[in-house]
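Order of the sequence lines fixes the chain letters, A, B, ..., with proteins taken first and strands second; residue numbering starts at 1 for each chain. Note that this is a predicted model, so its numbers are computed, not measured.
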There are 2 protein chains.
Amino acid sequence: MEVTIVDSQRLAIQKKIDKVLCSKADVTSCCPIKDILARFGDKWSIYTILTLGKEEKLRFNELKSQINGVSQRMLTVTLRSLEEDGLVSRAVYAEIPPRVEYSLTPLGEGLLLQLLQLADWAKLNINQILDARERYGNKEMQA
Amino acid sequence: MEVTIVDSQRLAIQKKIDKVLCSKADVTSCCPIKDILARFGDKWSIYTILTLGKEEKLRFNELKSQINGVSQRMLTVTLRSLEEDGLVSRAVYAEIPPRVEYSLTPLGEGLLLQLLQLADWAKLNINQILDARERYGNKEMQA
DNA sequence: ATAACTAGGTTACTTTTAGTAACTCAAAGG
DNA sequence: CCTTTGAGTTACTAAAAGTAACCTAGTTAT
């Protein structure tokens, strides 16, 4: 149970990594994984996608109240960038007061499914990570 | 091919999301997915994990030259935080000039496998995202 | 013997990005 | 005519990412 990657897997993994990393020269221009991860590196994007995943449509203030701690500006900025990438769609109804409904696009739902897979791994391993952090903290103390 | 999530899946997904989001109150304290994603939200962590995945051990400057564009400080900071979380291990040899070897821990290799899965999705869908961005850019122009 | 090189960092500084608080719009209700 | 409502902006501050120059201590080259 010590080794996660066995030698037979290693070669295939190395090939895959090479493809993911693209050639060294143009990491910034073509690397899809960087692009995708940059998308939810900021903490609000994940919550926004997950929250929108629960109900098919949500209005701005419904989202704001369900995503605990987000400010208006941060939610606006997050939604705009998700919309820009085609992960979230925004429907504006010309009413007063205004009504705007947000929902995941099919592409956004696809990403949601990936996030949930990652969440499964996270749930299984979070304790190992927390333990490691604690050990590291103790080591720091001594130094 | 339009709809990614069919109704039969919807309920299971909603349940999963609820678990992932934890209760609204303690998002900051317990949410594993936030913790995991926060880990490679910064752009260098992904590259570091992927690069370490290719070879079992790498020295500081080998890493630095393989991760195109990273500065010494950023690599140091990134490696320290990965080490803190138990994803990367750091072996120091008391020589002059110093030798320090970095490698993925089993936990880190587990995360690597997850990242590669995500990369598969990213590769399949990056064009849709780039197209959406272009459309959005054009819409902006008109406004 | 001193200048430059090495590996693996730090320190001090600058630029981006995240985040907060207060303001806007236009109509409806009191 | 003053407040409320929903969905945002604007102007500002705090925090994070990133850069450039420096450090250490022993080895080789001049």
Short N/O separations, protein against nucleotides 6-12 of chain C, under 3.5 angstrom:
residue : atom : partner  : partner atom : Å
C:dA7   : O3'  : B:Arg59  : NH2          : 3.3
C:dA7   : O3'  : B:Pro98  : O            : 2.9
C:dG8   : OP1  : B:Arg59  : NE           : 3.4
C:dG8   : OP1  : B:Val100 : N            : 2.8
C:dG8   : OP1  : B:Val100 : O            : 3.4
C:dG8   : OP2  : B:Phe60  : N            : 3.4
C:dG8   : OP2  : B:Asn61  : N            : 3.1
C:dG9   : OP1  : B:Arg80  : NH2          : 3.1
C:dG9   : OP1  : B:Arg90  : NH2          : 2.3
C:dG9   : OP2  : B:Tyr102 : OH           : 2.6
C:dG9   : N7   : B:Gln72  : OE1          : 2.0
C:dG9   : O6   : B:Gln72  : OE1          : 2.8

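Smallest separation of non-hydrogen atoms from B:Lys54 and A:Gln14: O-NE2, 2.5 Å. Contact detail for B:Thr78 and B:Trp44: the closest heavy-atom pair is OG1-CB, 3.5 Å.
For D:dG8, neither phosphate oxygen OP1 nor OP2 lies less than 4.0 angstrom from any side-chain nitrogen or oxygen of A:Lys64. Contact between the side-chain N/O atoms of B:Trp44 and the OP1/OP2 oxygens of D:dG18 is found at a separation under 4.0 Å.
Regarding B:Lys43, its NZ atom lies at a distance of 13 Å from the C1' atom of D:dT19, rounded to whole Å. Taking atom OH of residue A:Tyr93 and atom C1' of nucleotide D:dG8, one finds them 18 Å apart after rounding to whole Å. In this structure, A:Met74 places its CE atom 14 Å from P of D:dG8, rounding to the nearest Å. Rounded to a whole Å, the CG atom of B:Asn68 is 15 Å from the C1' atom of D:dG18. In this entry the distance linking CG of B:Asp42 with P of C:dA18 reads 12 Å, nearest Å. Rounding to whole angstrom units, CD1 of residue B:Ile46 and P of D:dA17 are separated by 13 Å.
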Could you give me the CA-CA distance, side-chain angles and deciding distance for B:Thr48 and B:Ser45, then say whether side-chain contact (heavy atoms from CB on, under 4.5 Å) is met?
CA-CA 5 Å; B:Thr48 305; B:Ser45 294; 5.6 Å; no
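Counting heavy atoms from C-beta outward, A:Ile17 and B:Leu116 have side chains that approach closer than 4.5 Å.
For the pair A:Arg10 and B:Glu109, the salt-bridge criterion is met [side-chain N within less than 4.0 Å of a carboxylate O]. Comment: A:Arg99 engages A:Glu101 in a salt bridge, judged by a side-chain N to carboxylate O separation of less than 4.0 angstrom.
Between the side chain of B:Ser65 and the main chain of B:Glu62, a donor-acceptor pair closer than 3.5 Å is present.
End-to-end axis angle of the helix from C:dA1-D:dT30 to C:dG30-D:dC1, using five pairs per end and rounding to 10°, comes to 30°.
Of the N and O atoms on the side chains of B:Ser103 and B:Ser89, at least one donor lies less than 3.5 Å from an acceptor on the other residue.
Enclosure of atom CD in B:Glu134 is not indicated, since only 12 or fewer non-hydrogen atoms of other residues, nucleotides or ligands lie within 6.0 angstrom.
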